Structures are given as structure tokens and as C-alpha cells.
2 protein chains.
Amino acid sequence: MKTSLKDIAETLKLSKTTVSWVLSGKGDEKGISLATQEKVFQCAKQLNYQPNLLARSLNTGISGTIGLIIPDITDSFYSKVARSIEMEAEAQGYSLMICSSESEIERENRMIRLFKAKQVDGIIVAPTKVSKIEIQNLVKEGYPLVLFDRYFPEMQTNYIIIDNEGSSYELVKRMIDNGASKIAIITTNPHLRTMNMRREGYARALIEANLPVDPDLYGEVTFVDYEENVFKALDQIFGKVPDVDGFFFTTHILALEAFRYFYEKGININNGYELACIHGVSAFRVLAPNMNIARMPIEEIGKNAVRILLGDIKYRLENSNGKKEVETLVLPCSLP
Amino acid sequence: MKTSLKDIAETLKLSKTTVSWVLSGKGDEKGISLATQEKVFQCAKQLNYQPNLLARSLNTGISGTIGLIIPDITDSFYSKVARSIEMEAEAQGYSLMICSSESEIERENRMIRLFKAKQVDGIIVAPTKVSKIEIQNLVKEGYPLVLFDRYFPEMQTNYIIIDNEGSSYELVKRMIDNGASKIAIITTNPHLRTMNMRREGYARALIEANLPVDPDLYGEVTFVDYEENVFKALDQIFGKVPDVDGFFFTTHILALEAFRYFYEKGININNGYELACIHGVSAFRVLAPNMNIARMPIEEIGKNAVRILLGDIKYRLENSNGKKEVETLVLPCSLP
DNA sequence: CTGAAAGCGCTTACAG
DNA sequence: CTGAAAGCGCTTACAG
């Protein structure tokens, strides 16, 4: 049913070699007569020939596919980066396989193994918490790899992160400049370096302004059941510091939940409070038009991830197994 | 560097056949001695053998991969369905390739061709407006295919949609029951059957309640630059019908934009207005806690899409080229 | 200007 | 109980 090179070769009484060369655009280079080339193209079109990319990949060792693993495809940050990566990869002639790890370490490891088995040329991953085993294997094998959003300082890998500390610092500084002095931080997953840095930026801004880093203004929320836990954390903060006058949210998810809290408690958060959040979603334009938002450089992340990965892939092709030195990028957020 | 079946066979002085059988779990069935099996497993583990799935697929004609094409991966509806499909596919032993068509017909066609070239076993697609050529080809070839969200009545395909007319009717009925009588509809892409059905449901509810279907309450927004166009549509409606008392949004995207409008104009939409929307996003819980929302049966869509697709795939394997009759599903939304 | 042959890494009748 | 061989659909030296 499906037509193959062989079918074309047989109908035209040519060799598969010739057909393959013509179809892959090497006709002129290989000095194949225009007449023959024309015949081949004609026949291919007529039989509706579609090359079997699997066979090609098996032969060349190049799949033309890169793998992307993100914690959650429904998270607006990750899905936007995914789109950016898809567009960039496509522009470079690569296709993309996307998988969610669901923040489960075992899923992440499984996905990496799957990608390798499917012979993807390289992998981009926003690693989940403590993910290690398979990422370590990738590093050991010199498999083209780019991490983003999170990274492991003890591992020699390419990575792209945002300037978590600096962005947080700038956000909190703006809140202070606008008059806030009792600024709470609502954060999660403190074991993540990412979150640590955000907390540090927050603290630096406070200290610089001679404000205390008050533990009573620290709201930490476990990620499971975060809906409920955001409420608890806010209850506590309002209990201990009733005149709190600012909130710094380390993620948009926490902020959205907090807005639900404010709404339910009848707190008009857009009046008398300073707000800040890392990463913005469209609902914020309505919910809190004045919130200070550090906008993620989505396009930059996507473009650079693909660029670095393809660089590694190319390098590896040319210097079999040679290991290129890693590239690390700390991108600034755009601030108000 | 990478170990293959051959490497194991050679180190163990066995044939590739034996090794392949053992590793694919057919050792007992083929009567291979436990001693040999043990040796093979040992060696595979030691050499860190990972089968090349490309080679297997080329041989068996089964890639174990299904392709998914959605208009926009950053849209919360589509990304949630994507996640549901990914989970369900994985549970069935399939992996998933996701691509966005970006609502561009040429991209969609290209993606379908790519999927075929990569030999995916079947394709799930939420088609874009007028997409046809390649989908028609798929149908003609009997390629396993499931459409969702949108479909083409003139084509014999599996599809899963929600009950657009019924859900819209129910939503508008609730608004009327709650006292609204001048209900505007804000909609887009009127050439889509989906949107047409939603408008028809809206009209039926009005007519049933002896309310006029007032053209002045009809707000149609082109999808490009919809931000701006939502504002224009609302301006017009308020201009012509100042005492409008309800808004039915046919998509969450339009509603979000409208909330921005209400906010900017200082209209307290949660007071004196009835609201309804097809598909809910988390921000609505804060922006409009009383809005009537028809919740999409995300899990149902995902599960059924995979079930139907795998059914087709299996059927086709067993009856080469036989065409199974198509399955069409109209799922209800859950209503308030 | 064109072709025969080997090989990518698997699986699977067929044979003993 | 195990193996030699063909084949999936390509690409690419090598040869003429």
C-alpha cells in the first residue's frame, strides 16, 4: 500500500540508489541526468511517496527529533516555553516530543529512558525536585542536554535559568519604594534552589532598606494541597501581623490562590497593599492591575535552549564523543 | 559505544535470535534454558542495554506512538486535554507526540505529514477551521484518526465533541431563571460549527422564554486581535442596549478579556449581571464566583479519544485495511 | 551517468 | 534448546 523507494525504483527500472539521491536533492551533485531526475520526481508524486523517517533515522543515526520534559503541560509558564521551543526547533528543522513529568521523579526518569530508546538527538528538561539518576546518566554519556528553570549546581550541564535572586530583589525593592514595609513572602518548595534564590532576593531588598526579615511574614506552602495551604499561610500571617502591607508571591499559582482568599475574606487587595509576583498570567491584568510582575523571558528561554542543544548535537556529530564545555545562562526578567 | 543486541550475542556467544527472544520475554515460550536466559539478562544489565525502538518499529511496523495536534498548547482547555491524553496513552503503553497547529492550516497539514512520515500509529487532532486536505487523505487511507472539539459533518471520521448546543441552552436558561432578560452573547469564529451550535443553544433558550433574539446583543469578535475587538463589541452592546443584564461568553478567552473591559470601565460585573461561560479557568473563581460555567469533560475527552484511536489501530492491525465504522461521541458538560 | 552491496538494529518465520 | 537468514526502508561508500 505505502510506496517505498523500492517501488519507485522498480516502476522506473532504476536503482534505489539513484532514486534516493534524486529525492534527497543530491541529483545534480551526483551528476544524474535531468531526464532521470524528472522521471523520479514525477513518479514519486504520482505514487504519493512519503519517505519513512524511521528508516532514515536508523540508517543515519539522526532522528531529527528533540525531547522536552516539563513538570506540567497545563502550567502557563511551561506551556509557553514549550511553544517557544517547538517553534524554534521547527525553524531549525527539528521536531519535538513533549512529555510531562508531573513532578514525579520516576516519571521523569522513565521519560528520559523512553526518549533515549526513541533515539532523540537531544533532551531539554525542566527537572523535578531531586531528579538525578537518568540526568546523571545523560551527563555521563555526553548526551546533548539542556536544563531550564532548575538546575543542579554540582552537575556539569548546560542550563538556562532566570535571575531569581535579582528579579525578586527588584520586585521587593519596588514595593518598598512604593511605601510598603511589612511585606510577606508566600512561597513553596523551599528545597528548590529556584525558590531559595527568590527568598534571598526578597531578604536582600528588605535588609538593604533596613527592614527586618520577619519570620512571621514568611508563608511557606507545601505543593500538595497548596490551595488549602495558601489559605492557612495567609490566615497565619494576618493573625500575627494584622498590618501586613505587601505580598510577594514566588509563583503565579500561589498568587491566584491568594486572590481567591482575599476575595473570600472580603479584603480589597488592590487598595492599601503592594503586590508582586514572579511570572504573570492574563487574569492578573484584571485581578491586580497594579501588581509588580517579573515577566519571564519565555522566548529567550526557548530560543537559547534550542540553540545550545543543537550546538551540542552538532558538536557531538563532528567530534564523536568529545565533550563540549557547558554553557550556562542566567536571563533577566523584564520588570515594571 | 551504545550496546546492541549483537554486542550481547557476541559476548555471550549466542545468536541474536536467542538474545532477542529472551529480552522480549519470549524466553519460556521459545523454550530457552533458564541458564541462558539468566546469562542474557545479566549481560544486558551489565552492558546497560537499551533497545533501539526505531529499529524495532521499522521491523514491526508499529511505532507505539500516537500523534496529537492541537491549535494552541498554551490554551488551558487544549493543554488539559493533552495531559489527559498523555496519561491515558501511557497507561496503554503508547507514547505521545504533541504539536501545535497554531490554528494555521498549513502547519496542521505539515504536522500530519510529519506524523505519517514518523510512522505514528494514529493521530488525534482538534482541527483548525477549514483544515481538510491532509485529514481527507488520512480518511481515504484509513489511517487511525480521532477528531475532537471540532469535526466535519461531511466526513466519515471518529470524533468527540461536547454538547455545544445543549450546554449553551442550559447556561442561558439558568441566566434567565435568575432574572436576566437582556442577555448578550460574545462569540468568535462563527464559521466554526462549534460556535454556531453555541449560538443556537443561546437562541433556543431565549425563544423558549419568549425573549427576543436581539441582534443588538450579538457581539462577534474576530480571533485575530480579539483583545481589541472584545472591547469594541462590548462598547457597541452597551451603546445600543444600556440595560443589558447578562453576558454569555462562548469561550473562556473572550470572558477573560471582557473582565478586563469591565474592570477598566469601572463596571462591577458581579452585581446586577448574570454571567455564563463555556469552560472555566481558575481565575474565574475570583473574578466572577457566581458565573455559570459549563465545565468541559476533559478526562472523558482524553480517555475516549485514546480508546477509540487504539481500537482503530488494533482493528486495522487485525483486518489489514478493513475500515471500521466510525464512532462519534457528544459528551455533556457538567453544569452548575 | 548509474548500480550492486552492505549496513543501521531489530524481529521472526524456518530449520535443525 | 539454539541459530542462520531474510527483511523492515532507508543511505552511502565503492565500483564501473
Side-chain angles (χ1 to χ4, degrees), chain A residues 1-41 43-44 47-65 116-121 317 320, chain B residues 1-40 43-44 47-65 114 116-121 317 320:
Chain A
M1 200 70 260
K2 289 215 53 176
T3 55
S4 69
L5 269 191
K6 201 172 140 203
D7 298 324
I8 300 181
E10 280 173 0
T11 17
L12 255 38
K13 307 222 175 296
L14 286 169
S15 75
K16 288 190 296 172
T17 310
T18 306
V19 177
S20 171
W21 277 336
V22 173
L23 259 24
S24 59
K26 294 190 194 135
D28 293 339
E29 176 189 331
K30 297 288 177 181
I32 292 170
S33 71
L34 281 177
T36 309
Q37 293 201 38
E38 191 50 35
K39 275 197 299 184
V40 171
F41 283 127
C43 184
L47 298 181
N48 189 26
Y49 171 71
Q50 309 273 42
N52 182 326
L53 259 31
L54 253 38
R56 179 181 294 170
S57 298
L58 180 59
N59 182 287
T60 60
I62 297 170
S63 68
T65 303
K116 293 207 287 190
K118 296 229 176 203
Q119 315 299 118
V120 302
D121 295 333
L317 238 45
S320 51
Chain B
M1 200 72 260
K2 288 215 55 176
T3 55
S4 68
L5 269 191
K6 201 172 141 204
D7 299 323
I8 299 181
E10 280 174 359
T11 17
L12 255 37
K13 307 220 175 299
L14 287 169
S15 75
K16 288 191 296 173
T17 310
T18 307
V19 177
S20 171
W21 277 335
V22 173
L23 259 24
S24 57
K26 294 190 195 136
D28 293 340
E29 178 189 329
K30 296 289 177 180
I32 291 169
S33 72
L34 281 179
T36 308
Q37 292 202 38
E38 191 50 36
K39 276 197 300 185
V40 172
C43 184
L47 297 181
N48 190 27
Y49 172 71
Q50 310 272 42
N52 182 326
L53 258 33
L54 252 40
R56 179 180 295 170
S57 299
L58 180 58
N59 182 287
T60 60
I62 298 170
S63 69
T65 303
L114 181 68
K116 293 207 286 191
K118 295 228 176 205
Q119 314 296 119
V120 302
D121 296 332
L317 238 46
S320 51

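Chain naming here is simple, since letters A, B, ... match the order of the sequence lines and numbering starts at 1 in each. Keep in mind the model is a prediction, meaning the values are calculated, not measured.
Listed by chain and number, the residues in a salt bridge (Lys or Arg N to Asp or Glu O under 4.0 Å) with A:Lys116 are A:Glu141 (sequence neighbours excluded). Looking at residues two or more places apart in sequence or on another chain, you find a side chain to side chain contact (heavy atoms under 4.5 Å, CB included) between A:Lys39 and A:Leu12. Scanning for side-chain hydrogen bond (donor to acceptor under 3.5 Å, both in side chains) contacts around A:Ser15 gives A:Thr18, with sequence neighbours left out.
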task: For DNA chain D, produce a single dot-bracket line, 5' to 3'. Pairs: Watson-Crick or G-U wobble, both distances under 3.5 Å. Symbols: ( ) within strand, [ ] crossing, | other strand, . unpaired.
output: |||.||||||||.|||

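Using atom P as the reference point in both C:dC1 and D:dT12, the two lie 22 Å apart (nearest Å).
Heavy-atom contacts of chain B under 4.0 Å fall on DNA chain D between two terminal nucleotides, which in 5' to 3' order are D:dC1 to D:dG9.
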task: Check the pair B:Leu23, B:Leu5 against side-chain contact (heavy atoms from CB on, under 4.5 Å), reporting the backbone distance first and the verdict last.
output: CA-CA 9 Å; B:Leu23 259 24; B:Leu5 269 191; 3.9 Å; yes

task: Assess whether side-chain contact (heavy atoms from CB on, under 4.5 Å) is satisfied between A:Ile8 and A:Thr3, documenting all intermediate values.
output: CA-CA 8 Å; A:Ile8 300 181; A:Thr3 55; 5.5 Å; no

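Residue contacts for A:Lys16: at a heavy-atom cut-off of 4.0 Å it reaches a base atom on one of the strands shown. A:Thr36 comes within 4.0 angstrom of the backbone, heavy atoms only, and of no base. Across all strands shown, A:Thr17 has heavy atoms under 4.0 Å from base atoms, whether or not it also approaches the sugar-phosphate.
In this structure, the separation between CG on A:Leu53 and OG1 on A:Thr60 is 9.0 Å, given to the nearest 0.5 Å. Distance check: A:Glu38 CD to A:Ile32 CD1 gives 13.5 Å after rounding to the nearest 0.5 Å. If you take OG on A:Ser20 and CZ on A:Arg56, they are separated by 8.0 Å, rounding to the nearest 0.5 Å. Taking NZ of A:Lys16 as the start and CG of A:Asp7 as the end, the distance is 11.0 Å to the nearest 0.5 Å. Once rounded to the nearest 0.5 Å, the distance linking CG of A:Asp121 with OG of A:Ser57 reads 7.5 Å.
Taking a 4.0 Å limit (strictly below) on heavy-atom distances, residues 52-65 of chain A reaches DNA chain C at A:Leu58, A:Asn59.
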